[in-house]
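Only one structure is covered here, and it is reproduced in the block below.
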There are 2 protein chains.
Amino acid sequence: MATRAGRPADEGVSEIPLPALFTQAKDVTLAELHRRLDEEGFEGIRYSHGAVFRFIDAEGSRLTALAARSGLSKQALGEVVTELERHGYVERTTDPDDHRAKTIRLTERGMQAQVAAARILGDIERRWAQHLGPDRIADMRMVLEEVVRSEKS
Amino acid sequence: MATRAGRPADEGVSEIPLPALFTQAKDVTLAELHRRLDEEGFEGIRYSHGAVFRFIDAEGSRLTALAARSGLSKQALGEVVTELERHGYVERTTDPDDHRAKTIRLTERGMQAQVAAARILGDIERRWAQHLGPDRIADMRMVLEEVVRSEKS
DNA sequence: GATAGATAGTACGGTTCCCTTACTACCTGC
DNA sequence: GCAGGTAGTAAGGGAACCGTACTATCTATC
């Protein structure tokens with residue numbers, strides 16, 4: 001393969017740019033998560049569904065709350081909820097105290113999917129830890145969390 | 001804030017799911033990269049332009065080669081090249097030896113942008129290293145690269 | 001207790017970014 | 001010199017989001 005432009009020769013071995021590296025790590029993780037969820041019978045789950053699974057309260061949440069927590073617009077989150085509803089992961093019921101609002105609640109199946117997703121992500125992280133060392137994975141987490149926290153402000 | 005469903009209480013402090021963590025790290029990095037490129041006069045650059053800047057050869061590359069290296073379709077990469085051409089970062093010239101093919105080459109400005117992007121990403125990584133420790137950042141890189149490598153196969 | 005303004009959710013249309021299918025132009029091997 | 005392969009483009013579509021605008025409902029104030 002020919003030489004690439006703009007690459008000072010002394011720049012180290014691989015040097016995948018950080019954004020590409022993070023994207024690939026995400027893609028790899030998500031591919032396994034979705035594949036295994038599917039294998040366990042939890043079909044049709046995609047990335048942005050996490051906005052519901054991550055942020056929903058045990059007693060149910062309102063659409064507006066989930067949108068705010070996840071950073072998605074109300075409309076986008078509404079779409080996500082409709083999709084999850086079609087797959088039987090959540091249900092929408094009108095709030096008896098406020099007829100404008102609807103409470104979004106996980107169904108039994110939704111809770112099982114949530115638990116399964118957490119377990120699978122835990123599995124993945126544990127496998128990485130076995131392969132590369134638990135402290136290194138824990139430290140990677142801490143570094144990333146710190147980076148995100150400090151840069152967001 | 002109310003309790004969240006499906007979260008065993010013993011599960012540690014933050015526990016952002018890995019895909020969300022990687023996505024946020026990518027977004028934070030990319031936001032700074034694009035902001036600073038823009039400040040330096042390199043406007044209109046977005047994520048997928050990296051497919052060209054990362055993989056183009058010093059002597060120019062063919063569209064098909066860039067598509068294959070980046071994993072994008074030829075059409076998507078053609079769009080990206082057209083956009084970069086409009087902004088003056090690359091030029092397309094017909095290959096004299098093969099009139100089907102066109103050679104895509106960085107312009108002077110394109111090379112400057114490429115160098116600037118590498119410098120800015122280096123800055124970011126260096127700042128993280130100062131803040132969190134150089135070995136930790138280097139190790140994060142190695143961990144991520146290893147994870148991506150091993151999971152892709 | 002009427003009404004102005006805020007809030008919950010939905011509808012509609014648009015953008016971005018990628019894909020697949022289908023095509024044209026050109027090249028190469030038999 | 002033609003069959004089949006390859007480079008690139010065109011056209012259309014879908015996923016995943018956004019903003020604007022709307023309806024229904026609630027709440028605070030007079």
Side-chain angles (χ1 to χ4, degrees), chain A residues 19-20 23-24 26-27 30-31 34 38 43-57 59-87 90-105, chain B residues 19-20 23-24 26-27 30-31 34 38 43-57 59-87 90-105:
Chain A
T23 300
Q24 286 175 39
K26 183 203 95 174
D27 289 346
L30 221 50
H34 291 161
D38 204 273
E43 286 149 42
I45 291 183
R46 58 186 181 79
Y47 179 62
S48 56
H49 292 165
V52 172
F53 286 119
R54 281 179 69 192
F55 295 116
I56 196 166
D57 295 320
E59 67 275 15
S61 297
R62 291 188 180 181
L63 191 133
T64 303
L66 294 179
R69 289 175 193 166
S70 67
L72 290 180
S73 65
K74 289 194 293 179
Q75 300 80 337
L77 206 117
E79 268 294 306
V80 167
V81 168
T82 300
E83 218 173 301
L84 288 172
E85 206 176 14
R86 256 203 309 274
H87 283 91
V90 304
E91 58 190 6
R92 256 193 265 237
T93 57
T94 301
D95 186 323
D97 300 334
D98 185 344
H99 283 221
R100 293 171 305 179
K102 290 175 181 169
T103 304
I104 295 151
R105 220 184 311 272
Chain B
T23 300
Q24 286 174 40
K26 182 203 92 174
D27 289 346
L30 220 50
H34 291 162
D38 204 273
E43 287 149 40
I45 291 183
R46 57 186 183 79
Y47 179 62
S48 57
H49 293 166
V52 171
F53 286 119
R54 281 179 70 192
F55 295 117
I56 197 166
D57 296 319
E59 67 275 16
S61 297
R62 291 190 179 180
L63 191 133
T64 304
L66 294 178
R69 290 175 194 166
S70 67
L72 290 180
S73 66
K74 289 193 295 178
Q75 298 79 343
L77 206 117
E79 269 294 306
V80 166
V81 168
T82 300
E83 219 173 300
L84 287 172
E85 207 176 15
R86 255 204 310 274
H87 283 90
V90 304
E91 57 191 7
R92 257 193 266 236
T93 56
T94 302
D95 187 321
D97 300 333
D98 184 345
H99 281 221
R100 292 171 307 178
K102 288 174 183 170
T103 303
I104 295 152
R105 221 184 310 271

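Residue numbering restarts at 1 for every chain, and letters A, B, ... go by the order of the sequence lines. Just so you know, these numbers use all the heavy atoms, side chains as well, and skip hydrogens, waters and symmetry mates.
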(request) Take atom CZ of B/R100 and atom C1' of C/dC27, then tell me their distance rounded to the nearest Å. (result) 4 Å
Check: [N] base within 3.5 Å donor-acceptor of [X] side chain:
| X | N | value |
| --- | --- | --- |
| A/Q75 | D/dT20 | yes |
| B/E83 | C/dT16 | no |
| B/K102 | D/dG8 | no |

(request) Return yes if a side-chain donor-acceptor contact under 3.5 Å exists between B/T94 and B/R100, otherwise no. (result) no
(message) Looking only at the side chains, is there a donor atom on one of A/S61 and A/R105 sitting less than 3.5 Å from an acceptor on the other?
(response) no
(message) Of the listed nucleotides (C/dC26, C/dA8, D/dG8), which one gets closest to any side-chain atom of A/T64?
(response) C/dA8
(message) Given D/dC26, D/dC17, C/dA8, identify the nucleotide with an atom nearest to the side chain of A/D98.
(response) D/dC26
(request) Ignoring backbone atoms, test whether B/S48 places a side-chain nitrogen or oxygen under 4.0 Å from the OP1 or OP2 oxygen of C/dC18. (result) yes
(message) I want to confirm an ordering. Mapping A/S73 and A/D97 to their closest nucleotides on DNA chain D, which one lands closer to the 5' end?
(response) A/S73
(request) Quick one: closest heavy-atom pair of A/T23 and B/K26, and the distance? (result) OG1-CD, 2.9 Å
(request) Check for a donor-acceptor pair, side chain of A/R69 on one end and backbone N or O of A/F55 on the other, with a separation under 3.5 Å. (result) yes
